[in-house]
Amino acid sequence: MRWGPAQDCAFGDPFLSGISWKGSSMSEVRSTRREFLIGSMALGAGIATAGPLGEVLTAAQKPGSKMKFGLVTYLWGQNWDLPTVIRNCEKAGVLGVELRTEHAHKVESNLTEAQRRDVKKRFADSKVTLVSLGTNFAFHYPDESRVRKEIEGAKQYIKLAYDCGASGMKVKPNDLPKGVPYAKTIEQIGRSLNELGQFAAGYGQEVRLEVHGGCSLLPTMKAIMDVVTQPNVGVCWNCNGQDLEGEGLEYNFKLVRPRFSHIAHVRELNLTDYPYQQLINLMVATDWDGWVLLEGRVIPKEPIKAMIEQREVFAQMVAKAQAGGAQPAGGGIQLTQGDNKVTVEINGKLFTEYRFKEPQRPFFYPVIGPTGQPVMRHWPVEGTDPNDARDHVHQKSLWFTHGAVNGIDFWSDNKGKIVHDKFLEVASGPQVGVIKSENQWVAPDGKVVLTDTRTHRFRRDPDGTIMDWEIVLHASNGQVTFGDTKEGSMAIRLNPTMQLAPTPGMKSQGITAHGHIINSEGVTDGQTWSKRAAWCDYYGPVKGEIVGIAIFDHPDNPRHPTWWHVRDYGLFAANPFGIHDFEKKPAGAGDLVIPAGQSVTFKYRFFFHKGDEKQGKVAEHYRDYAGGK
């Protein structure tokens, strides 16, 4: 993400000619949005806390507790200047807002840098969060030049959102032009969103695709999102009548819930022309943690009173959903197979995607840690993080391969490659999800050197997230030798802020590295490279919170405990083959031969946890793993 330096702005900075922000001096607003008291109200049999932030809390932090209530300035706030928007939202306790463009608040792309700083500071000095900018950019047009104009215009508002302190920007699909093949339009919209998403990720922004216009049918939105590969592009639910068509609200909700953004639009919640309680029930059941933003249809005579009423109705609906016993992500571990990837959700939230049709080898990307943040390097899959080092292009997120198999390098790119053959199982479950597949290791001349059967199991644990690997290597086409080299094997490339050493991008921004490594023998940091250990844990900060990744070497593995190819620049790999490099023994000492027709099995566990190895209980979890749990 691109994080700019902290900027102070005097409120005497000039504004764009013609902008008049009436009504309040900055002395009338609070000094920080965190300085507020949370009020409470009794709701039914339970007690829920509904503070001015619009966030519903319970003592037990029930599902849906992190949802927040805010306002879209279309239509209720379309005639308010910015100070009035902030003042009215504060008075109503509706402390999140999406500013629609082309309204009286005039937060537009032609603001100067000083004016942008002033907008950001006005929100920072209030209790109101600038959640999003709402734009009308759309990408369905048959005219390519028009589509290009829309994309470039949207990029300017992404930069504006970043400069003003928002977390994202809303766009539209927005139609299916007559005479143009459906698939062509869907592909065009998806490609446009990928370009926009990649640009937005560089600014830490989310692109929110509103369910709108001729694309309002949810199967159409799912088709668009199936084209979208950028993880920071999501769906903005919009409460349209089309939500109820086909197989109904729940079915349509589940079609796109895995790709929800962090905002959803609703109309007046106490109207009866839409099943709002059912929608809130679904949001609570999947423990969605975004902003429910009110886009009122009829401008009220007393807007502040009406906003308070809507906030209270929202709190009551959430409390009712929670009292009904909604549990997070009713399906537990949900796997969804697409044309080129399998999406893995845990409790309704994205954990990872198995990308099985990549040109070099299958891998998992992204990988979301226990705090909700990615724990792997984005580059070269996506060039989204300026902190990422642009080195070792073959080190893509989380993968298994080796650098010398019958003399062929499968570790580097553009040499040997691992090709997905077929799935044997893709199964969701309340406790465990499973992906089982067969793959071919193909030499540059097209010959299959060996095959593998790999099984991945995913589950949640009270202390973190677990991904189990079992890979069976079959010498199906003759004898196979896994050669003695450090370049392998069971590997992940970490988020740069977790590393021991800072990347060039981090150094240029004055960011230091605070990562640490420890193994089961008590060896730490740089001394862990080449050492043998039953497990190794690499931990460090991601967005201010310490997270760790432990890799467990199963006791049944050949040559247990394994050697560790773990680097200060974030490469983290278990390698049972590279004895020459690790222990300076004669070349070939680490060769492992699989006779023709036979196989060898390796098992590993990835344990994603909060805190360091002690806080994450890594040693205890390894004992469970070694004991068969």
Side-chain angles (χ1 to χ4, degrees), residues 21-24 28-30 33-43 48-57 64 66-101 103-105 107 119 122-123 125-134 166-167 170 210 236-239 262-274 276-277 279-280 283 290-321:
W21 289 2
K22 305 174 184 177
S24 68
E28 294 174 347
V29 297
R30 306 289 284 274
R33 68 175 63 136
R34 293 180 176 85
E35 292 178 0
F36 62 87
L37 297 175
I38 297 180
S40 63
M41 59 183 175
L43 296 172
T49 301
L53 189 61
E55 182 175 358
V56 178
L57 304 173
K66 295 181 180 179
M67 284 199 298
K68 298 169 284 292
F69 186 72
L71 177 73
V72 180
T73 54
Y74 176 88
L75 291 163
W76 285 16
Q78 64 181 348
N79 296 319
W80 299 343
D81 59 20
L82 190 60
T84 303
V85 169
I86 294 173
R87 182 173 63 251
N88 286 352
C89 286
E90 286 189 313
K91 287 181 178 179
V94 176
L95 299 188
V97 66
E98 177 182 284
L99 295 179
R100 186 65 62 88
T101 62
H103 282 359
H105 9 288
V107 177
V119 172
R122 283 179 182 266
F123 280 102
D125 286 353
S126 77
K127 296 179 289 184
V128 182
T129 297
L130 176 55
V131 177
S132 187
L133 298 183
S167 60
K170 186 221 71 178
E210 186 177 42
C236 170
W237 189 267
N238 200 38
C239 295
H262 287 86
I263 67 169
H265 291 168
V266 298
R267 313 296 174 258
E268 291 87 337
L269 291 169
N270 48 358
L271 298 179
T272 59
D273 59 351
Y274 189 93
Y276 286 109
Q277 184 63 66
L279 175 65
I280 297 297
M283 289 177 169
W291 285 89
V292 174
L293 300 175
L294 173 67
E295 187 180 286
R297 287 182 292 193
V298 179
I299 300 177
K301 293 181 180 179
E302 298 181 73
I304 295 174
K305 181 178 179 180
M307 290 163 66
I308 292 171
E309 178 188 37
Q310 291 299 309
R311 174 172 59 81
E312 291 176 346
V313 172
F314 168 74
Q316 292 164 4
M317 285 183 166
V318 172
K320 184 176 181 179

**OP:** Output, in order, the C-alpha distance, side-chain angles, deciding distance and verdict of side-chain contact (heavy atoms from CB on, under 4.5 Å) for T129 and L95.
**Re:** CA-CA 6 Å; T129 297; L95 299 188; 5.9 Å; no

Subject >> Under the side chain to side chain donor-acceptor pair (under 3.5 Å) test, residues paired with Q78 that sit two or more places apart >> reply: none

Subject >> Side-chain touch V266/L293, heavy atoms, less than 4.5 angstrom >> reply: no

**OP:** Answer yes or no: is there a side-chain heavy-atom contact under 4.5 Å between M307 and L71?
**Re:** yes

Original post:
Excluding sequence neighbours, so at least two apart, what forms side-chain contact (heavy atoms from CB on, under 4.5 Å) with K91?
Top reply: R87, I304

Subject >> For S167, all residues meeting side chain to side chain donor-acceptor pair (under 3.5 Å), sequence neighbours excluded >> reply: R208

**OP:** Measure the spacing between OG1 of T101 and CG of L133 and express it to the nearest 0.5 Å.
**Re:** 8.0 Å

Original post:
Taking side chain as C-beta onward, heavy atoms only, is V119 less than 4.5 Å from L82?
Top reply: yes

**OP:** Could you go through the side-chain contact (heavy atoms from CB on, under 4.5 Å) check for F314 and E309 one step at a time?
**Re:** CA-CA 9 Å; F314 168 74; E309 178 188 37; over 6 Å; no

Original post:
Do T73 and H103 have side-chain heavy atoms sitting under 4.5 Å apart?
Top reply: yes

**OP:** Kindly indicate whether the side chain of W76, heavy atoms from C-beta on, has any atom under 4.5 Å from the side chain of Q310.
**Re:** yes

Original post:
Would a distance-only check, ignoring hydrogens and angles, find a side-chain to backbone donor-acceptor pair under 3.5 Å from K66 to G64?
Top reply: no

Subject >> Note, E90 side chain near V128 side chain (heavy atom, < 4.5 Å) >> reply: yes

Original post:
What is the distance from atom CZ of R122 to atom CD1 of I86, rounded to the nearest 0.5 Å?
Top reply: 6.5 Å

**OP:** Give, for atom CD of E210 and atom OG of S132, the distance between the pair rounded to the nearest 0.5 Å.
**Re:** 10.0 Å

**OP:** Could I get the full list of side chain to side chain donor-acceptor pair (under 3.5 Å) partners for Y274, not counting sequence neighbours?
**Re:** W237, D243

**OP:** Could you grab the distance from atom OH of Y276 to atom SG of C239, nearest 0.5 Å is fine?
**Re:** 4.5 Å

**OP:** Return yes if some donor-acceptor pair links the side-chain N/O of H105 with the main-chain N/O of W80 below 3.5 Å, else return no.
**Re:** yes

Subject >> Any side-chain heavy-atom pair of I263 and V131 under 4.5 Å >> reply: yes

Subject >> Listed partners of E295 passing side chain to side chain donor-acceptor pair (under 3.5 Å), at least two apart >> reply: R100, H265

**OP:** Starting at CG of L269, measure out to CZ of R311 and round the result to the nearest 0.5 Å.
**Re:** 13.0 Å

Subject >> I280 CD1 to K320 NZ distance, which is reported to the nearest 0.5 Å >> reply: 12.0 Å

**OP:** Decide side-chain contact (heavy atoms from CB on, under 4.5 Å) for V292 and M283; before the verdict, give the C-alpha distance in whole Å, the side-chain angles of both, and the deciding distance to 0.1 Å.
**Re:** CA-CA 10 Å; V292 174; M283 289 177 169; 4.1 Å; yes

